[in-house]
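The structure under discussion appears below in the form of structure tokens.
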Protein chains: 2
Amino acid sequence: MKKRSSITDIANVLKISPTTVSFILNGKAREKRISVELVEKVEKYIAEVGYKPNSLARSLRTGKTNIIGLMVESISNPFFATIARRIEELAYKNGYKIIYSSTDNNTVRTKELIQMFRERHVDGYIISPPEGIEEDVSSLINAGIPVVFFDRYLTDVAVDSVTIDNFSSSYDAVKHLISTGCRNIGFVTLDSLQTQMQDRLSGYEKAIEEAGLTLHVKEIGFNQSTENIVRHIVTFLKRSVKLDAIFFATNYLGISGLKAIRTLELDVPNDLSVITFDDHELFELHKPSITAIFQPVDEISDKVINILLNKMKSGAKHKKEQNLVLPTELVIRDSTIAATVPMVNND
Amino acid sequence: MKKRSSITDIANVLKISPTTVSFILNGKAREKRISVELVEKVEKYIAEVGYKPNSLARSLRTGKTNIIGLMVESISNPFFATIARRIEELAYKNGYKIIYSSTDNNTVRTKELIQMFRERHVDGYIISPPEGIEEDVSSLINAGIPVVFFDRYLTDVAVDSVTIDNFSSSYDAVKHLISTGCRNIGFVTLDSLQTQMQDRLSGYEKAIEEAGLTLHVKEIGFNQSTENIVRHIVTFLKRSVKLDAIFFATNYLGISGLKAIRTLELDVPNDLSVITFDDHELFELHKPSITAIFQPVDEISDKVINILLNKMKSGAKHKKEQNLVLPTELVIRDSTIAATVPMVNND
DNA sequence: CTGAAAGCGCTAACAC
DNA sequence: GTGTTAGCGCTTTCAG
């Protein structure tokens, strides 16, 4: 009984041709000068039987699916979840749906995902790319399918992107630490060649070297369990020259770091100043509250989706690609307040 | 040049019929007794030109899309993000992709989403349902499309579901508070008729009444800004009878609650014991660490996807629906440790 | 064992 | 202004 009616059924019942119905459905009634009465009649009937077009068939015919593929590192990371939420929102408002997937920063997996998305004829891609997918992305671009990167980019392929100024953010954070009197500043990052991680590292290095200090870098392998990360950080904090500040390069390193600091019962900021990349609800509520580099997630989302929507509209014209770099904000909290006792340079 | 080749192209080049190619592609070679040489030849050629079937066309023909629609309250809520992540993982392993969307607990929006998903011929649905979508879900069920609810359910429609034992979780949490000597226990919840919230409320009420204590319930409207929630909680804590414990019914109420408590500079647990529904990284690191009701997110995800996969395989046979109710775990931390000074009943 | 052909539901040139 | 018709790429019955 609930047999879905097709455009032909409608045409048959109304004794007109499917074309006419199609035109009316697609708002081309005026353009095709279809009589107002007919239009009304058709619309009335459509509403009556609750007809809904089969978008699969439509997609097969038009080659458009109105679906955007969103590939993030992991949807369970609050940074990506927040961005995904907003992108979803904006996409819906523009008639697009999102198919998402988590790449796990895994190249093979991501290649497969792109492949699957292609089979689905996804109209556009938003990707926080892992290393090594240059070819697949090029192939997309060559096929005229719009792609936008965010959070990081790939150096060997020209793609629109929205990132933040990782280098300066990191540089400024370290300068801030130095200005509060810290001399032995550790940097905990991921063992990753991705641009955002490399830039954060460079910013740290530049600031440290400019101040004539020594580098203390700890690189942690990707995809470790939290417990393992904590263990690594604990070791780092115990082993090396006594640090008076530590800088975490991502939010979850920061969280693990706080766990490590807690295990060691260090007094922040007196024993150790702490600063971390990416803000997080946790950092404001923590005692002491944690200084963090806030990424403009809303703006990132807005820019990403806008660039993509534009490209999709303009048929992916070969305009010069845009590479937006947004500023961040250093949110200074209690974990880096200069000690109340005046510092004396003690080296 | 990169012209996608179709099954007919392949057939033409190889001088065979599309049927044969299709059979080989779908692993029906043996069944159809196609010669091994032919199969190899075709497979070789397919690999060579990198042919990929057009799943749109396939879906149009078969009516299957291998897509699961996942509708959560909000993907930016860590509880849902974690579950979404795991469901995605398991779905992929079984050849399914996920289209997700956030319902915002908005009935109208959710109805529209279901409508859109239907147009896309999504194969199955995983929904944390807002109120008022009974009809739409019934219509899905009647059409033989599998649906699984989680986190909450709708009373007027028979659908498989995976939930937790909200009533007992809440009841036990309150009993725990009472056992540490708390007498004036506040309950901060959402102004919502959803089953999970109602059950949490009932559990609280039962425990309070059994102990001969008075109820102190604060209901907060849905979709408020964090600032507003904090303001409400601050007022609640200031206004009412001096509470010696507070119980938050969701993780984000808990987080807002901690902000409120901080504003008021209350001493936890000495001034106020705190307990909250849903565990969160934050709660372990908070000083003092916060007692929380841990939901078995992995198990929830596993059960949900398994039930759905089974239903999709078995052609949604009208088996009796399953309504799984999983236990939670009360993770006792410092925010509810009994005061070290022996308590004296002082009323 | 393999092929011909119909058709899923829709769109858009092209006719009239 | 409206209808005819040819596919989009695939699956599948039915013939041979």
Side-chain angles (χ1 to χ4, degrees), chain A residues 2-43 45-46 49-66 118-123 143, chain B residues 2-43 45-46 49-67 116 118-123 143:
Chain A
K2 265 265 171 182
K3 177 81 167 54
R4 273 179 98 86
S5 44
S6 79
I7 211 169
T8 342
D9 296 338
I10 300 197
N12 287 338
V13 172
L14 261 35
K15 309 282 186 208
I16 56 178
S17 110
T19 318
T20 316
V21 181
S22 173
F23 283 153
I24 294 176
L25 245 28
N26 296 330
K28 295 194 185 156
R30 285 203 72 86
E31 188 183 321
K32 299 293 178 183
R33 302 156 164 246
I34 294 170
S35 73
V36 183
E37 304 115 51
L38 221 200
V39 173
E40 278 175 359
K41 184 169 149 202
V42 172
E43 282 174 346
Y45 183 71
I46 283 175
V49 296
Y51 164 79
K52 293 287 165 187
N54 179 334
S55 39
L56 239 35
R58 179 180 284 174
S59 295
L60 176 59
R61 185 63 230 246
T62 59
K64 300 250 136 268
T65 52
N66 280 329
R118 276 194 95 154
E119 286 172 29
R120 300 270 167 212
H121 292 244
V122 155
D123 288 345
Chain B
K2 265 263 171 181
K3 176 80 168 52
R4 273 179 97 85
S5 45
S6 78
I7 210 168
T8 345
D9 296 338
I10 300 195
N12 287 339
V13 173
L14 262 35
K15 310 283 187 207
I16 56 178
S17 110
T19 316
T20 316
V21 182
S22 173
F23 283 154
I24 295 176
L25 245 29
N26 296 328
K28 297 197 182 153
R30 283 201 76 83
E31 187 184 320
K32 299 292 179 182
R33 302 156 163 247
I34 295 171
S35 72
V36 182
E37 305 113 52
L38 219 198
V39 172
E40 278 175 357
K41 183 169 148 204
V42 172
E43 281 175 346
Y45 182 71
I46 283 176
V49 296
Y51 164 80
K52 294 286 166 188
N54 179 332
S55 38
L56 237 35
R58 182 179 283 176
S59 294
L60 177 59
R61 186 63 233 245
T62 60
K64 299 250 135 267
T65 52
N66 281 329
I67 293 183
M116 293 171 91
R118 277 194 94 154
E119 285 172 30
R120 299 274 165 207
H121 292 245
V122 156
D123 288 346

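Bear in mind the structure is a predicted one, so any value in this text is a computation, not a measurement. Letters A, B, ... are given to chains in the order of the sequence lines, protein chains preceding strands, and every chain is numbered from 1.
The separation between B:N12 atom CG and C:dA4 atom P is 10 Å, rounded to whole Å. Atom CG of B:L60 is separated from atom C1' of D:dT12 by 14 Å (rounded to the nearest Å). Rounded to whole Å, the distance from CG on B:N54 to P on D:dG7 is 17 Å. A straight line from CD1 of B:I24 to P of C:dC1 spans 13 Å, rounded to a whole angstrom. Note: NE2 (A:H121) to C1' (C:dC10) measures 16 Å, nearest angstrom. In this entry the distance linking CD1 of A:I16 with C1' of D:dT4 reads 14 Å, nearest Å.
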For residues 12-26 of chain A, please give each side-chain donor-acceptor pair under 3.5 Å, one per line with the distance, not counting sequence neighbours.
{"from": "A:N12", "atom 1": "ND2", "to": "A:T8", "atom 2": "O", "distance (Å)": "3.4"}
{"from": "A:S17", "atom 1": "OG", "to": "A:T19", "atom 2": "N", "distance (Å)": "3.0"}
{"from": "A:S17", "atom 1": "OG", "to": "A:T19", "atom 2": "OG1", "distance (Å)": "3.2"}
{"from": "A:N26", "atom 1": "ND2", "to": "A:S22", "atom 2": "O", "distance (Å)": "3.3"}

Which atom pairs, one a donor and one an acceptor, fall under 3.5 Å between side chains of residues 33-41 of chain B and the rest of the protein, sequence neighbours left out?
{"from": "B:S35", "atom 1": "OG", "to": "B:L38", "atom 2": "N", "distance (Å)": "3.3"}

Reading 5' to 3' through nucleotides 11-16 of chain C, protein heavy-atom contacts under 4.0 Å coded B for base, S for sugar-phosphate only, - for none | BBB---
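Listed by chain and residue number, nothing satisfies the side chain to side chain donor-acceptor pair (under 3.5 Å) test with A:S59 (two or more places apart in sequence, or in another chain). Shown here are the side chain to side chain donor-acceptor pair (under 3.5 Å) partners of B:D123, two or more places apart in sequence or in another chain: B:T65.
Here the straight-line distance linking atom OG of A:S5 with atom NZ of A:K52 works out to 11.0 Å at 0.5 Å rounding. B:R118 CZ to B:M116 CE: the interatomic distance, rounded to the nearest 0.5 Å, is 14.5 Å. Atoms NE2 and CD1, from B:H121 and B:I67 in turn, are 11.0 Å apart once rounded to the nearest 0.5 Å.
Taking both residues in full, the closest heavy atoms of B:L56 and B:N54 are given as N-OD1, 2.8 Å, listed atom of the first, atom of the second, then distance. Here the shortest heavy-atom pairing between B:I10 and B:Y51 reads CD1-CG, 3.5 Å.
Between B:Y51 and D:dG9 there is no side-chain N or O to OP1 or OP2 distance below 4.0 Å.
When atom types are taken as modelled, the side chain of B:S55 and the backbone of B:R58 share no donor-acceptor pair closer than 3.5 angstrom.
At a non-hydrogen distance threshold of 4.0 Å, nothing from residues 33-41 of chain B comes into contact with DNA chain D.
Within the 4.0 angstrom heavy-atom criterion, no nucleotide atom of any strand lies near A:L56.
Of the candidates C:dG3, C:dC10, D:dT2, the closest approach to any side-chain atom of B:T20 belongs to C:dG3.
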Give the C-alpha distance, both sets of side-chain angles, the deciding distance and a yes or no for side chain to side chain contact (heavy atoms under 4.5 Å, CB included) between B:N66 and A:R120.
-> CA-CA 10 Å; B:N66 281 329; A:R120 300 270 167 212; 3.8 Å; yes
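Each end of the helix from C:dC1-D:dG16 to C:dC16-D:dG1 gets its own rotation axis from five pairs of C1' atoms, and the angle between them is 40° to the nearest 10 degrees.
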